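This report concerns only the one structure given below.
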Amino acid sequence: MPGCFKKTLFALASLISFVSFILLVVAMGTPKWMTGKILCKTGADLVNATDPELVKFIGEIYYGLFQGGKIRQCGLGGRRSQFTIFPHMVKKLNTGLHVMIIMFLCVAIFFTLVSFGFCILNAIKVPYRAIKGPAGVCLWNFLAGGFIVLAVTSFMAAVKLHHLTERIANFRENVFQFVILEEQFEGCFWLCVASATAHAVNLLLIAISGINFPKIKTKTEEANVTAEDIMY
């Protein structure tokens with residue numbers, strides 16, 4: 001049976017793994033990875049809009065891995081619309097990169113659950129095989145955190161290098177052209193970053209559990225009985 005200190009550490013690690021799992025599921029299912037402001041360039045050019053008038057041509061956009069929405073402002077009031085990435089819009093994006101982001105997160109969720117199970121196992125008993133012990137827990141946490149980092153990095157590359165927001169904003173826009181004024185990563189993106197950080201914390205906890213702290217022993221003084229003591 002593991003000691004009380006190790007039980008506490010592995011129980012905490014299992015809780016962190018479960019929280020990481022929840023964060024990833026919420027992040028994948030919520031369309032708030034990126035938000036931005038879009039300018040209807042075609043409409044602004046038609047009326048030669050100046051700075052005060054450009055407000056009438058600035059809309060908003062938000063999207064996640066599977067869906068999103070935008071508000072088009074082309075001088076005649078805002079028009080709200082929603083869209084889905086699959087199956088149509090993905091053809092206009094970098095399909096391979098977008099699918100890789102989703103696959104990375106799915107694999108990360110799997111390893112997060114494996115880490116959760118192994119942490120509970122180590123909190124209950126000392127496994128016979130090394131792969132089921134702290135070494136295995138470190139491996140699963142490292143893989144889960146690594147795939148999350150890959151997903152986050154790939155999404156940043158899609159946004160910054162492949163102009164993901166601009167492609168989505170101009171999807172099925174035959175008349176008007178939209179230009180991205182600003183864009184920022186939103187809560188769901190940072191949930192993935194927090195999930196990767198949680199696995200790093202788990203690695204630290206497992207490392208601490210392997211430290212053998214010195215035990216404090218109380219020395220009992222032995223009574224030395226001599227011949228003189230017996231005489232008295």
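A quick note: this is a predicted structure, and the numbers were derived from the prediction, not measured. Note that these values count all heavy atoms, side chains included, but never hydrogens, waters or copies made by symmetry.
- If you take OG1 on T30 and CD on Q67, they are separated by 9.0 Å, rounding to the nearest 0.5 Å.
- Across all their heavy atoms, F5 and I208 have their closest contact at CZ-CG2, 4.0 Å.
- Taken to the nearest 0.5 Å, the OG1 atom of T197 stands 10.0 Å off from the CG atom of L23.
- The backbone N or O of A198 lies less than 3.5 Å from no partner atom in the side chain of S20, so there is not a single donor-acceptor pair.
- Linking ILVMFWY residues whenever their side-chain heavy atoms come closer than 4.5 Å, directly or via other members, leaves L191 and Y62 in distinct clusters.
- In this structure, the side chain of K70 engages the main chain of A169 through a donor-acceptor pair within 3.5 Å.
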Validation: residues 103-114 side-chain donor-acceptor distances under 3.5 Å, sequence neighbours left out:
residue, atom, partner, partner atom, Å
T112, OG1, A108, O, 2.7
T112, OG1, H199, NE2, 3.2

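- Contact detail for E173 and F178: the closest heavy-atom pair is CD-CE1, 3.5 Å.
- Checked by atom type and distance alone, the side chain of N94 never pairs as donor or acceptor with a backbone atom of A158 at under 3.5 Å.
- Taking 4.5 Å as the limit, some side-chain heavy atom of H98 sits within range of a side-chain heavy atom of F86.
- In the hydrophobic cluster analysis, where Ile, Leu, Val, Met, Phe, Trp and Tyr join through side-chain heavy atoms closer than 4.5 angstrom, V25 is grouped together with L65.
- With H162 contributing its side chain and L93 its backbone, the two residues share no donor-acceptor pair below 3.5 Å.
- More than 12 heavy-atom neighbours from other residues, nucleotides or ligands sit within 6.0 angstrom of CZ on R167.
- One finds no salt bridge joining R80 and E60 here, because no Lys/Arg side-chain nitrogen approaches an Asp/Glu carboxylate oxygen to under 4.0 Å.
- Side chains of C40 and Q73 form no contact here, defined as non-hydrogen atoms less than 4.5 Å apart.
- The two residues S115 and N141 come nearest to each other via the heavy atoms OG-ND2, 2.8 Å.
- Between F83 and G69, the closest heavy-atom pair is CE2-N, 3.3 Å.
- Linking ILVMFWY side-chain heavy atoms closer than 4.5 Å, directly or via other members, places V159 and F66 in a single hydrophobic cluster.
- At a threshold of 4.5 Å between side-chain heavy atoms, the hydrophobic network of Ile, Leu, Val, Met, Phe, Trp and Tyr places V19 and F21 in one connected group.
- Here the closest non-hydrogen pair linking I206 and P134 is CG2-O, 3.6 Å.
- The shortest side-chain heavy-atom distance between V137 and L203 does not fall under the 4.5 Å cut-off.
- To the nearest 0.5 Å, atoms CD1 (I148) and SG (C192) are separated by 7.0 Å.
- Within 6.0 Å of the CZ atom in F142, the count of heavy atoms belonging to other residues, nucleotides or ligands does not exceed 12.
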Stepwise side-chain contact (heavy atoms from CB on, under 4.5 Å) check, F155 with L97: CA-CA 8 Å; F155 185 77; L97 184 59; over 6 Å; no

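- Rounded to the nearest 0.5 Å, atoms CG (L205) and SG (C119) are 8.5 Å apart.
- Expressed to the nearest 0.5 Å, how far CD1 of I180 lies from CG of L164 amounts to 9.5 Å.
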Pair E166-V179, side-chain contact (heavy atoms from CB on, under 4.5 Å): steps then yes or no: CA-CA 7 Å; E166 185 175 348; V179 177; 6.0 Å; no

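- The minimum heavy-atom distance linking S17 with N202 is given by the pair OG-ND2, 2.9 Å.
- Aromatic ring pairs are classed by plane angle as parallel below 30°, tilted from 30° to 60° and perpendicular above 60°; the pair W190 and F185 is perpendicular.
- The side chain to side chain contact (heavy atoms under 4.5 Å, CB included) check on Q177 picks up T42, N170, with sequence neighbours excluded.
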Acceptor/donor pairs from residues 32-39 side chains to any protein atom, 3.5 angstrom cut, sequence neighbours excluded:
residue, atom, partner, partner atom, Å
W33, NE1, A27, O, 2.7
T35, OG1, E186, OE2, 2.7

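- Looking at P31 and Y63, their side chains never come closer than 4.5 Å, going by heavy atoms from C-beta outward.
- A continuous path of hydrophobic side-chain contacts links M28 to M156 [ILVMFWY only; heavy atoms under 4.5 Å].
- Rounding to the nearest 0.5 Å gives a distance of 9.5 Å between CD1 of I120 and CZ of F18.
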